[in-house]
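Data block below; observations after.
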Amino acid sequence: MNEHDRIPSDEPAGYDVARIQEKWLGVWDELKPFSSNNPNDKRPRKYVLDMFPYPSGDLHMGHAEAYALGDVIARYWRQQGFNVMHPIGWDSFGLPAENAAIKRGIDPREWTYANIDQQKTSMRRYGASFDWDRVLHTSDPEYYKWNQWLFLKMYEKGLAYRKDSWVNWDPVDQTVLANEQVLADGTSERSGAIVVKKKKTQWYFKITDYADRLLDDLNQLEGRWPSKVLAMQRNWIGRSIGADVDFVIEGREEKITVFTTRPDTLYGVTFMVVAPDSDLAAELVDDASVEVRASFQEYLERVQKSTEIERQDASRPKTGVFLGRYAVNPASGERIPIWTADYVLADYGHGAVMAVPAHDQRDLDFAIKFDLPVRVVLDTNATQTTTIPVLELDENGQAILPEDLPPLDPISTGKALIGDGRMINSGPLDGITKSNAIKKIIVQLEAAGTGRAAKTYRLRDWLISRQRYWGTPIPIIHGADGELVPVPEDQLPIVLPPTEGLDLQPKGQSPLGAAEDWVNVPDPRDGSPALRDPDTMDTFVDSSWYFLRFLNPNDDTKAFDPKEADKWAPVDQYVGGVTHAILHLLYARFITKVLFDLGYVGFTEPFSALLNQGMVLMEGSAMSKSKGNIVRLSDQLDEHGVDAIRLTMAFAGPPEDDIDWADVSPAASAKFLARAWRLSGDVTSDPDIRWRTGDVALRRQTHRFLAEGPGLVESFKFNVVVAKIMELVNATRKAIDSGPGGGDAAVREAAEVIAVALSLFAPYTAEEMWERLGRTPTVAEAGWRKPDPALLVEESVTAVFQVDGKVRDKATVSPKISGEELEKLARASVGVTRAVGDKEIANVIVRAPRIVNIATR
RNA sequence: GCCCCGGUAGCCCAAUCGGUAGAGGCAGACGACUUAAAAUCGUCCGAGUCAGGGUUCGAGUCCCUGCCGGGGCACCA
């Protein structure tokens, strides 16, 4: 009878996934190994945070991956002796709840909190090592009270303001959207509707004040955030460096300022273009002729009717109208016409551009269409240096001048000259290079007071008001005199009114405006009748600071405790999907900097390190109802067990890569776990057996694993760690069956190390192994063992002998062998001698003890 | 158009500093155990690293060009 036959797998004591899960959930509840609430805990701290979920239905495969990976990190730091805070909460305000509520005629609270309960149950079953004493829901008044507090702080600082502007309007959800919520194709990220522009007075957070810091501080995160996310954030902020240039307008007191990245081309400015939907355009046509006014009106209406998709199509022919006004080129003194065209955006720069058709493709397209002059001011064929490149000589010794230089003729080629070169037709700038011209003209403009160095950003202010019910009410009261009165802090929270009697159907106006009892309030200044602001906040406000609320989620006297923040924050390791690379992460970074400026926190970046997990796909594409390729998490858990699914997530590949569920095998994971578990039953030695007496080869492998494991986990190579555990399991199996046997001390040592390592990925199986090995109480509290340095020193290594880079022979040598000795061995080896033959040896490279490479001539 | 990431066995993926291309798994073949099957245990099978060029004693790894795939930004002056 084989050793491993002692416990047949069909007995109750066998590897019964359901029973094990049930059992250890109870033990963890009792012993609370994941608590981070002991004030006397002397261990160093780590804050490991998973992005909190939105409670739409039950957990899905994507959650399962994220929480499996986040949990590896949290459990790892506990093993390394840290007091780990690993909390979870719910991002529970938002439109899906409201839409579901409308559809079913129920309260959004009902839908939301039922889903939260379900997700919470699933998370517990999933064995995630969350600290269940730190939980929050953003839709609780106890939470959103502090959103309102934050808003008031922003308002005091002048960072929250109202503005009448063209906004993104979602015609399906009937609410405004932030720029960040409009996808590149002009549709709403939430409803998929084509976004249209509407002019509305809305609340904004002044994130543009922080644009430079948001951009520059990304450098601190280099190497600790995925480079992809850093690139996306830099792209989004989109800082442009250039100059503001003032243009005198005929018949107007004030000058018009334009922003340009190419002040060097100032002498090439032949017209000016103003955004049609800007106040400036309206003003400029105000006293123009009737015909001009009419054509402008017609054009403006046409532009306003077009969708974002149409407007962003750069290949569409240029349109525009002449405004009947002229400006003066400050450099050349030339009189230039002012046009309006929708390729100029009202809310970028100053809503007006100086057009240089020779050197800007958009301006050139426009000039060709409307027959406007084009003046080349940069010879893009001229070399940047004064030295002439080496030219070929003809038979007479004359240099052959290149004949294929492109003509400096943008009109006939239709291509703007955008390269580098030397300035021409530019008065004092003539002859110098583009970059020098930029410097020189800025100095000149500054001296003349008609321009200055300037930067501008792609980033726009954050539109935070929404015309929907299920969100945080904005704590502002509109006085009868039109004044905005902040709600006094002691009157917070402003709790959402009950939904009874309220029509939540989207109508373009906040449903809260119809809640008579709620919206009518006395003016805090004098008690006169006044109205609450009926809008609610974007839910990204909720998630912009929630990581601080976990420090003391039940404190009703403050948003968070700065002393706790000093201890725990910033978050040491943040884990979540790359879908939030711009929105959530940018907003959280912004709010953190505001809180820093207000003195509430002592750091300027909220997340010290970021891990993005990939998506879980099915047969090459994202799971979706329409594709009919959804894999249900609960089915997978029922079929294979929690541990097998978690292990599959970790083993599938690098965390940031997508996992195609069709490519991985949860059944194989389950098989492996059973195999590992079986080891624990085959260990026959006593728990206090002396390690050092065990089989040396197995011990070496075990200790090499102990030495390698931490570095692999810390660099997120979870798939490699799992592979190493598999190796160790295989070696231990072999030691039991055909080696020293189950009673050997090294076998016990290896099995225990496997249990500890496996607890990162498969906590239930690991606990069960640990217990069967006679250890108590939980493997979750067991530490990662220190490797014995003596066992890490290799006894022998394989040295490779190459001739001209090809392996010709090998030898087993001591790792301490000297270079001279190794070279001697190499030269004497049969393979090398044969390969060298009678060739002359040119060079011998020796890298003891690994390699000798002999180069021949 | 600009920017970022990737391309290694049939498939998923490993490969500290440039130093023997293979750790692990899936799939496949064979064997042991079994009346048989499942389960289990074991053995075996496999590419020269997308293509081309360069640097080097030596390149999957560094550099250049191209191809393919994924992603971000884009009428942003």
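In this text the structure is predicted, and so the values were computed from the model without any measurement. Order of the sequence lines fixes the chain letters, A, B, ..., with proteins taken first and strands second; residue numbering starts at 1 for each chain.
Counting only distance, with no hydrogens or angles, the side chain of Asp244(A) and the backbone of Arg452(A) share no donor-acceptor pair below 3.5 Å. Distance alone, capped at 3.5 Å, is enough to place a donor-acceptor pair between the Thr340(A) side chain and the Val274(A) backbone.
Sorted by first and then second residue, the salt bridge (Lys or Arg N to Asp or Glu O under 4.0 Å) pairs involving residues 710-732 of chain A (not counting sequence neighbours) are Glu708(A)-Lys724(A).
Residue Pro654(A) is in sugar-phosphate contact alone, with no base atom involved, counting any heavy-atom pair closer than 4.0 Å across all strands shown. If you check every strand for non-hydrogen atoms under 4.0 Å, Val344(A) touches a base. Nucleic acid contact for Lys318(A): base, since at least one base atom lies under 4.0 Å from a heavy atom of the residue. Counting any heavy atom pair closer than 4.0 Å across all strands shown, Phe672(A) reaches no nucleic acid atom.
OP1 or OP2 of A77(B) sits under 4.0 Å from a side-chain N or O of Ser240(A). Distances shown here put a side-chain N or O of Arg678(A) below 4.0 Å from the OP1 or OP2 atom of C41(B). In terms of phosphate contacts, Lys415(A) brings no side-chain nitrogen or oxygen within less than 4.0 Å of OP1 or OP2 of G1(B). Considering only side-chain N and O atoms, Asn719(A) lies under 4.0 angstrom from the phosphate OP1 or OP2 of A14(B). When the side-chain nitrogen and oxygen atoms of Arg675(A) are compared with OP1 and OP2 of C41(B), one or more of them lie within a distance under 4.0 Å. Taking only side-chain nitrogens and oxygens, Asn730(A) comes nearer than 4.0 Å to OP1 or OP2 of G25(B). Side-chain nitrogen and oxygen atoms of Lys228(A) include none within less than 4.0 Å of the OP1 or OP2 phosphate oxygen of G6(B).
Nearest to the side-chain atoms of Arg362(A) among the listed nucleotides C76(B), C57(B), U40(B) stands C76(B). For Ser227(A), the listed nucleotide lying nearest its side chain is C5(B); candidates were C13(B), G24(B), C5(B). Of the candidate nucleotides A77(B), A14(B), C75(B), A14(B) has the atom lying nearest to any side-chain atom of Val720(A). If you check U43(B), C76(B), C75(B) against the side chain of Tyr343(A), the one that comes closest is C75(B). Across A23(B), G19(B), A15(B), the shortest atom-to-atom separation from the side chain of Ala723(A) is found for A23(B). Listed nucleotides: C41(B), G19(B), A23(B). Nearest to the side chain of Asp737(A): C41(B). Of all nucleotides listed (C11(B), G19(B), C26(B)), C26(B) comes nearest to the side chain of Ala668(A). Side-chain proximity of Asp663(A) to C12(B), A21(B), C57(B): nearest is C12(B). The side chain of Lys810(A) lies closest to U20(B) when the candidates are U20(B), A14(B), C75(B). For Phe259(A), taking side-chain heavy atoms from C-beta onward, the closest of the listed nucleotides C73(B), A77(B), C57(B) is A77(B).
Nucleotide A29(B): paired with U43(B) (Watson-Crick or G-U wobble, both distances less than 3.5 Å). In this structure, U20(B) forms no base pair with any nucleotide, since neither Watson-Crick nor G-U wobble geometry is met with both distances under 3.5 Å. With a cut-off of 3.5 Å on both Watson-Crick or G-U wobble distances, the partner of A38(B) is given as none. Nucleotide G58(B) forms a pair with no other nucleotide shown, judged by Watson-Crick or G-U wobble geometry with both contacts under 3.5 Å. Summarising the base pairing, C2(B) is matched to G72(B) through a Watson-Crick or G-U wobble pair whose two defining distances lie under 3.5 Å. With a cut-off of 3.5 Å on both pairing distances, A14(B) has no Watson-Crick or G-U wobble partner at all.
In this structure, Ile368(A) atom CD1 and C75(B) atom P are separated by 20 Å, rounded to whole Å. Rounded to an integer number of Å, the gap from CG of Asp342(A) to P of C75(B) is 11 Å. To the nearest angstrom, P of A23(B) lies 12 Å from CZ of Arg704(A). Protein atom CD1 of Ile854(A) is 11 Å distant from nucleotide atom C1' of C57(B), rounded to whole Å. Across the protein-nucleic acid pair, Ile659(A) atom CD1 and C26(B) atom C1' stand 15 Å apart, rounded to whole Å. Distance Arg234(A) CZ to C3(B) P: 15 Å, rounded to the nearest Å. Atom NZ of Lys806(A) is separated from atom C1' of U20(B) by 14 Å (rounded to the nearest Å). His350(A) places its NE2 atom 11 Å from the C1' atom of A77(B), with the value rounded to the nearest Å.
Going from the P atom of A9(B) to that of U65(B) covers 25 Å, rounded to whole Å. Separation of the P atoms belonging to U61(B) and U16(B) is 13 Å when rounded to the nearest angstrom.
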Considering only distance and modelled atom types, tabulate donor-acceptor pairs under 3.5 Å from the side chains of residues 799-806 of chain A, sequence neighbours left out.
unit_1: Asp804(A); atom_1: OD1; unit_2: Thr856(A); atom_2: N; d: 2.8
unit_1: Asp804(A); atom_1: OD1; unit_2: Thr856(A); atom_2: OG1; d: 3.4
unit_1: Asp804(A); atom_1: OD2; unit_2: Thr856(A); atom_2: OG1; d: 2.7

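For C13(B), the glycosidic angle deviates from 0 by more than 90°, giving an anti base.
Along RNA chain B, the nucleotide nearest to Gln802(A) and the one nearest to Thr261(A) differ in position, and the one closer to the 5' end is contacted by Gln802(A). Summary of the strand contacts: Ala674(A) and Ala652(A) both lie near RNA chain B, and taking for each the nucleotide with the nearest heavy atom, the more 5' one is attributed to Ala652(A).
Applying the 3.5 Å distance criterion, the base of C76(B) shares a donor-acceptor pair with the side chain of Arg460(A). The base of C57(B) is paired with the side chain of Asn853(A) by a donor and an acceptor separated by under 3.5 Å.
Of the residues Lys197(A), Arg362(A), Arg316(A), the one that meets the salt bridge (charged side-chain N to carboxylate O under 4.0 Å, His left out) test with Asp342(A) is Arg316(A).
Ion pair Glu823(A)/Arg827(A) flagged as a salt bridge, since at least one NZ, NE, NH1 or NH2 atom sits closer than 4.0 Å to an Asp/Glu carboxylate oxygen. Ion pair Asp360(A)/Arg262(A) not flagged as a salt bridge, since none of the NZ, NE, NH1 or NH2 atoms sits closer than 4.0 Å to an Asp/Glu carboxylate oxygen. By the 4.0 Å N-to-carboxylate-O rule, Asp737(A) lies close enough to Arg733(A) to be salt-bridged with it.
Contact detail for Asp363(A) and Val356(A): the closest heavy-atom pair is OD2-N, 2.9 Å.
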